[in-house]
Amino acid sequence: PAVAEREAIASKHEREHADGSVTCVFFPVDKKVPPILVRTTQRDRFLRQRIVVSMDSWPANSPYPL
């Protein structure tokens, strides 16, 4: 997605949780793979990094896998 679209997706889906973790959006290099929602306590560590992500689930009510 374009930068504006990425920002819109991130602002809609990123949130902090009571346990200190954060749901953030991972944008794959491969454009055939949709953005993936990742829940982590290490958000700042992963910013601007290339990481390997594995999809655990894709709920029917979610536009993106988890």
Does any non-hydrogen side-chain atom of [Y] lie less than 4.5 Å from one of [X]?
X	Y	result
Phe27	Ile9	yes
Val25	Ile36	no
Pro65	Leu37	no
Ser21	Thr40	no

Please determine which of Arg6, Glu7, Glu5 meets the side-chain contact (heavy atoms from CB on, under 4.5 Å) test together with Val3.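 When side-chain contact (heavy atoms from CB on, under 4.5 Å) is applied between Val3 and each of Arg6, Glu7, Glu5, only Glu7 qualifies.
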List for me each residue that meets salt bridge (Lys or Arg N to Asp or Glu O under 4.0 Å) alongside Arg43, sequence neighbours excluded, and say none if there are none. Glu14
Salt bridge (Lys or Arg N to Asp or Glu O under 4.0 Å) partners for Asp44, two or more places apart: none
Results of ring pair (Phe, Tyr, Trp, His ring centres under 6.0 Å) for Phe46 - residues two or more places apart only: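 Result, ring pair (Phe, Tyr, Trp, His ring centres under 6.0 Å) vs Phe46: none returned.
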Please enumerate all residues that pass side chain to side chain donor-acceptor pair (under 3.5 Å) together with Arg15, with sequence neighbours excluded. none
Contacts of type side chain to side chain donor-acceptor pair (under 3.5 Å), residue Thr23, not counting sequence neighbours: His17
Between Ile51 and Met55, is there a shared hydrophobic cluster once you connect ILVMFWY residues whose side-chain heavy atoms come closer than 4.5 Å?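 Both belong to a single hydrophobic cluster.
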side-chain hydrogen bond (donor to acceptor under 3.5 Å, both in side chains): pairs with one or both residues in residues 45-66, sequence neighbours excluded: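 Checked against side-chain hydrogen bond (donor to acceptor under 3.5 Å, both in side chains) - neighbours excluded - the pairs reaching residues 45-66 are Gln42-Arg45.
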